[in-house]
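So that the names make sense, note that chain A is the first sequence line, chain B the second, and so on, each numbered from 1.
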Number of protein chains: 2
Amino acid sequence: MARTVSERADILPLLGEVFREHGFEGASLAHITARTGLGKGSLYHFFPGGKEEMAAAVLAEIDLWFETNVFAPLRAQEDGAAAIRDMLGRVDAYFRSGRRVCLVGVFALSEVRDRFCGQVLSYFARWREALADALRRTGRAPDTAGEDAEDAVLAIQGALVLARALDDPAVFTRTLARLERRLLGMAALHAAQQ
Amino acid sequence: MARTVSERADILPLLGEVFREHGFEGASLAHITARTGLGKGSLYHFFPGGKEEMAAAVLAEIDLWFETNVFAPLRAQEDGAAAIRDMLGRVDAYFRSGRRVCLVGVFALSEVRDRFCGQVLSYFARWREALADALRRTGRAPDTAGEDAEDAVLAIQGALVLARALDDPAVFTRTLARLERRLLGMAALHAAQQ
DNA sequence: TCAATAATGTACTGAATGGTACAAAAGAGG
DNA sequence: CCTCTTTTGTACCATTCAGTACATTATTGA
C-alpha cells in the first residue's frame with residue numbers, strides 16, 4: 001500500500017502553502033495530510049522531526065530560492081539598476097502580484113519567530129544588504145543606500161499585509177511600481193520604458 | 001470563590017497581548033487563563049462565544065482606540081501637517097516604538113482574516129482615507145494623496161514586520177522619521193523642529 | 001439580615017492535537 | 001522469482017484543545 005512516487009522536495013511547496021495560510025500553530029497535521037495527500041507515515045518518514053522539521057525545510061527551500069533568484073543577482077549583476085528591476089519582477093512573480101503572502105513575514109510576526117530566529121533574521125538582513133549593494137552600484141550615496149534598501153524591503157512586506165487585509169492585490173502592484181520610481185528615479189524609469 | 005473585581009474591559013488588553021504573541025490559533029485557553037489569571041468560568045461568563053468573541057472584542061477595542069486617537073484627529077484637525085505629526089507620535093507610542101506588533105496586521109496575514117474580514121478591512125481602509133484627508137489639507141495634490149497615504153500605512157505595517165524579524169526596534173523608529181519627511185517634506189520638518 | 005444575582009474555580013466532556021508503532025505493500029536489484 | 005529496502009496507511013497513544021456544568025462564593029440591594 002504505497003505509491004512510492006513522492007519525493008521530499010515535491011511536497012515542500014505544498015507544505016509551504018499550508019504554513020502560509022494557517023501559520024505554524026494553525027497548520028495541523030490534518031491540514032497537512034489533506035493538502036499533500038500523504039499519510040502520517042510518509043510525512044514522518046520524510047520529516048522525523050515533525051512539524052518543526054517541516055517548517056524548517058520549507059524555510060530552507062524559500063531561503064535557497066531567494067538567495068539564487070533574488071539576493072545573488074542583486075549582488076552580482078554589474079548594472080545595479082537592471083538588477084533592481086529584475087528583483088522587482090521576480091518578487092512580483094513570487095508573491096503572485098500580491099495574492100500570496102510571505103511565509104517568513106508571517107513567522108516573524110508570531111511567537112514562532114524565536115524558534116526560527118536565525119533563518120528569519122538572515123533572510124531579511126541579506127535581502128536588505130544585497131539591495132543596498134545594488135543601490136550603491138547605481139551611484140547612490142553609500143550612507144543613504146542602506147536606509148533606502150530597508151525602506152524597500154519593508155514596503156514589500158507591508159504591501160503584502162495591506163493587499164490581503166483590503167483583499168486588493170493592486171495595492172501590491174502599485175507598491176512595486178512606486179518602489180521602482182523611488183529606487184531608480186524618474187529618469188531611469190523613463191529610460192527603461194522606451 | 002470569586003474575586004468579583006474584574007471587568008470585561010479590564011482583561012481586553014491582556015487578551016490582546018495573548019493574540020498578538022500567539023496569533024488566533026496559537027492563543028490557547030491555557031495561555032489566556034494564565035495571562036489573565038481568570039478561570040474558564042469567568043472567561044466564558046464574559047465571552048459566551050469563546051475565543052471568537054474574545055478576539056472580536058479585542059478588535060473592537062483596538063478599532064475604537066484608533067478611531068478616537070488616530071483616525072478622527074486625522075480627519076478633524078484643521079492643520080493637516082500637525083495632524084499627521086500627531087498621528088506618527090501616537091502610532092509610535094501605541095506600537096511601543098516597534099517592540100509591539102499590530103494585531104490587525106497579524107490577523108490579516110493568516111486565514112483568520114476571513115473570520116474578521118469586515119473589521120480588518122475597515123481598520124486599514126479608514127486609516128488610509130483619514131490620512132489621505134489630512135494630506136490633502138496640507139495642500140498635496142488630491143490624486144497623489146490617496147497613494148501616498150496607502151504608502152505610509154503599509155510602511156508602518158512593514159516596519160513592524162521587519163523590526164520584529166531583525167529584532168531591531170530601531171527599524172520602526174527610522175521608518176516613522178522617514179515617513180514624516182516623506183509626508184510633510186523637508187521644509188515642513190525643519191519648520192516644525194525650530 | 002437575607003434573598004437574589006453576578007462572578008468564579010473545578011471537574012468534566014468529546015473531539016482534535018502531534019506523534020509513534022508497525023505491518024502491509026511497492027520498488028529495486030539481482 | 002526472491003530478497004531487501006523504502007514508502008505508505010492504519011491503528012493507536014497521551015496530551016491538549018475548546019467548551020459545559022455546576023457548586024461555591026461575593027456582592028448587591030432591600
inquiry  = Please enumerate all residues that pass ring-ring contact (aromatic ring centres under 6.0 Å, His included) together with A:F107, with sequence neighbours excluded.
reply    = A:F116
ask   = Applying salt bridge (charged side-chain N to carboxylate O under 4.0 Å, His left out), which residue pairs with at least one partner in residues 124-136 of chain B are found, sequence neighbours left out?
value =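 Checked against salt bridge (charged side-chain N to carboxylate O under 4.0 Å, His left out) - neighbours excluded - the pairs reaching residues 124-136 of chain B are B:D63-B:R126, B:E67-B:R126, B:R128-B:E150, B:D133-B:R136.
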Protein-nucleotide distance ([X], atom [atom1]; [N], atom [atom2]), rounded to Å:
X: B:R8; N: C:dA7; atom1: CZ; atom2: C1'; result: 15 Å
X: A:L43; N: D:dG9; atom1: CG; atom2: P; result: 10 Å
X: B:F46; N: C:dG9; atom1: CZ; atom2: C1'; result: 14 Å

key: pair A:R182-A:D151: side-chain heavy atoms closer than 4.5 Å   =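 Answer yes - side chains close enough.
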task = Verify whether one side chain among B:S28 and B:H31 offers a donor that lies under 3.5 Å from an acceptor in the other.
result = yes
Sort me out a list of protein N/O and nucleotides 17-20 of chain D N/O pairs below 3.5 Å, or just none if empty.
residue, atom, partner, partner atom, Å
D:dC17, OP1, B:S28, OG, 3.3
D:dA18, OP1, B:L29, N, 3.3
D:dA18, OP1, B:K51, NZ, 3.3
D:dA18, OP2, B:L29, N, 2.6
D:dA18, N7, B:K40, NZ, 3.3
D:dG19, OP2, B:Y44, OH, 2.8
D:dG19, OP2, B:K51, N, 3.3
D:dG19, O5', B:Y44, OH, 3.2
D:dG19, N7, B:K40, NZ, 3.1
D:dG19, O6, B:K40, NZ, 2.3

request  = Report yes if a side-chain nitrogen or oxygen of A:H45 is closer than 4.0 Å to either non-bridging phosphate oxygen (OP1 or OP2) of D:dT7; otherwise report no.
outcome  = yes
Check ion pair B:E52-B:R115 (N to O, under 4.0 angstrom) =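 Looking at B:R115 together with B:E52, the answer is yes, because their closest N to O distance falls below 4.0 Å.
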query = In terms of the angle between their ring planes, are A:W127 and A:F71 parallel, tilted or perpendicular, with boundaries placed at 30° and 60°?
reply =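 Because their plane-to-plane angle lies in the 30° to 60° range, the rings of A:W127 and A:F71 count as tilted.
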